[in-house]
Student: 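Mind looking over this structure? Questions follow.
When reading the values below, keep in mind they use all heavy atoms of this one structure, side chains included, and skip hydrogens, waters and symmetry mates.
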Protein chains: 2
Amino acid sequence: MTADTQDLLIETTCELLWERGYVGTSPKAIQRRSGVGQGSMYHHFGGKADLARAAIERSAAQLRARADAAFGAPGGALERVAGYLRRERDALKGCPVGRLTQDPDVMADPLLRAPVEEAFAWLTGRLTGLLAQARDEGALRPGLDPAATATALVAVVQGGYVVARAAGSAEDYGRAIEGALALLGAGTD
Amino acid sequence: MTADTQDLLIETTCELLWERGYVGTSPKAIQRRSGVGQGSMYHHFGGKADLARAAIERSAAQLRARADAAFGAPGGALERVAGYLRRERDALKGCPVGRLTQDPDVMADPLLRAPVEEAFAWLTGRLTGLLAQARDEGALRPGLDPAATATALVAVVQGGYVVARAAGSAEDYGRAIEGALALLGAGTD
DNA sequence: GTCTATATGTGGATAGAC
DNA sequence: GTCTATCCACATATAGAC
């Protein structure tokens with residue numbers, strides 16, 4: 001069926017983009033891993049960039065959906081932020097969206113870049129709102145700027161992947177997160 | 001002269017690894033940008049991986065030297081940490097060492113990976129020491145774990161590059177850093 | 001030390017048969 | 001819709017002349 005083949009191609013491309021980035025992912029590799037043939041792939045998609053666009057949009061949508069699930073959990077605003085930060089993550093694999101940020105060919109193509117930019121803007125905006133709410137609830141020091149704090153937290157998550165990969169240890173991701181939560185005043189105590 | 005050609009090749013490779021990563025950098029591109037010929041390049045280095053190893057070691061050494069300069073500035077320990085975080089950086093270009101962390105072929109090769117791993121371990125260790133000192137100086141809340149805080153700060157720097165690139169705005173890097181410094185209690189006030 | 005020639009595989013895609 | 005054939009450029013070297 002058409003839809004299944006397309007879906008399989010997109011899913012496979014998501015995986016490869018996550019593992020190897022855009023520059024490191026070839027059409028041939030997508031075909032090998034998905035089991036879809038050359039002709040079939042080019043029938044459904046215009047080429048590597050077209051398929052990557054679909055895959056990036058899917059990864060960005062998943063990022064939002066997963067974050068939304070954490071943000072909608074019960075509890076105070078600060079607890080929900082902490083829950084999002086502590087959510088299980090494949091620390092050594094990194095962020096499927098944030099990773100693309102390092103890919104010059106992705107950043108150079110507006111169609112590939114847009115979903116990445118939007119996902120981060122959305123995420124930072126949501127966190128900003130939750131932190132403002134936490135401040136109003138008295139759970140956060142009033143002197144903190146919600147937008148700057150939110151940007152710092154998004155950076156801790158993205159940088160947490162970097163330090164974890166550099167050390168070859170998923171625990172370093174958790175250490176970065178707990179360090180940030182302690183600074184926020186939302187630590188274990 | 002031999003040394004100059006080798007140095008030029010290493011320097012050029014540093015630039016290309018920074019801009020395009022290991023996967024995205026070809027021997028031919030190094031030759032084009034450096035002006036060094038094919039035969040000359042393969043005379044001085046065993047190949048792409050060998051040249052990359054030299055370049056990565058140089059970038060890692062530069063990272064240490066620049067950090068050391070900031071850490072050795074006058075002032076209290078927390079001020080020196082803040083000075084390091086606020087140091088001028090090419091936010092949209094990212095970190096020449098942290099970037100390699102996303103490159104599967106670098107992480108898979110122990111010779112390429114080692115300098116990256118060591119640079120991050122060294123940096124985190126130095127920051128841990130400075131934060132412990134800051135705590136002893138009474139400049140930092142005693143409840144904070146220096147190692148976790150240091151890991152979080154390294155992550156903010158690395159993630160700051162990600163959010164800046166995602167937004168296409170160098171200011172987002174500064175926002176992440178200031179957000180973190182405010183959490184540390186080392187903000188503008 | 002540096003140059004040019006050559007070699008083999010892959011990247012990324014088009015063409016046309018089935 | 002999918003397959004195979006074909007294409008040209010580039011990636012990553014090696015060989016041997018100068």
Student: Below 4.0 angstrom, N of the basic side chain to O of the carboxylate: do B:Asp172 and B:Arg165 qualify?
Tutor: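 No.
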Student: For the residue pair B:Tyr173 and B:Tyr161, categorise the inter-ring angle as parallel (less than 30°), tilted (30 to 60°) or perpendicular (more than 60°).
Tutor: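 Parallel: the ring planes of B:Tyr173 and B:Tyr161 meet at under 30°.
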Student: I need the CZ-P distance between A:Phe45 and D:dG1, as an integer number of Å.
Tutor: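 Atom-to-atom, A:Phe45 to D:dG1, this comes out as 13 Å.
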Student: Is a side-chain N or O of A:Arg58 found less than 3.5 angstrom from the main chain of A:Ile10, in a donor-acceptor match?
Tutor: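 Flag not set: sc A:Arg58 to bb A:Ile10 has no pair under 3.5 Å.
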Student: Among C:dT14, C:dT2, D:dT14, find the nucleotide with the atom closest to the side chain of A:Tyr42.
Tutor: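 It is C:dT14.
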Student: Quick check: does any side chain N or O of B:Glu117 sit under 3.5 Å from a backbone N or O of B:Ala114, one acting as donor and the other as acceptor?
Tutor: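 No, the answer is negative, given that no donor and acceptor are paired below the 3.5 Å cut-off.
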Student: Please give, in whole Å, the distance from C:dT14 P to A:Asp50 CG?
Tutor: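 These atoms are roughly 12 Å apart.
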Student: With sugar-phosphate meaning primed atoms plus P, OP1 and OP2, does B:Gly37 contact a base, only sugar-phosphate, or nothing at under 4.0 Å between heavy atoms?
Tutor: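 Touches sugar-phosphate only.
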Student: Taking only heavy atoms on the protein side, list every residue of residues 22-34 of chain B lying under 4.0 Å from any atom of DNA chain D, sorted numerically.
Tutor: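 Listed by number, they are B:Thr25, B:Ser26, B:Pro27, B:Lys28.
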Student: Under the side-chain contact (heavy atoms from CB on, under 4.5 Å) test, which residues partner B:Glu171, sequence neighbours left out?
Tutor: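 Testing B:Glu171 for side-chain contact (heavy atoms from CB on, under 4.5 Å), a comparison that skips the adjacent residues, returns B:Ser169.
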Student: To the nearest angstrom, how far is B:Leu8 atom CG from C:dG1 atom C1'?
Tutor: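 Distance, rounded to whole Å: 15 Å.
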Student: Check the distance between D:dT4's C1' and A:Met41's CE and give it to me in whole angstrom.
Tutor: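 Going from A:Met41 (CE) to D:dT4 (C1'), I get 16 Å.
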Student: Respond yes when some side-chain nitrogen or oxygen of B:Thr5 is under 4.0 Å from OP1 or OP2 of C:dT2, and no when none is.
Tutor: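 The answer is yes; a side-chain N or O of B:Thr5 sits under 4.0 Å from OP1 or OP2.
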Student: Counting heavy atoms from C-beta on, name the nucleotide in C:dG12, D:dT2, C:dG1 closest to the side chain of B:His43.
Tutor: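 Given the options C:dG12, D:dT2, C:dG1, the side chain of B:His43 is closest to C:dG1.
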Student: Can you check the B:Asp4 CG to C:dG1 P distance for me, whole Å?
Tutor: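 Nearest whole value for this atom pair: 12 Å.
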Student: How far apart are the C-alpha atoms of B:Gln38 and B:Gln31, what are their side-chain angles, what is the distance that settles it, and do they pass the side chain to side chain donor-acceptor pair (under 3.5 Å) test?
Tutor: CA-CA 7 Å; B:Gln38 180 103 331; B:Gln31 293 154 208; 2.7 Å; yes
Student: Closest to the B:Gln38 side chain: D:dT14, C:dT2, C:dT14?
Tutor: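 It is D:dT14.
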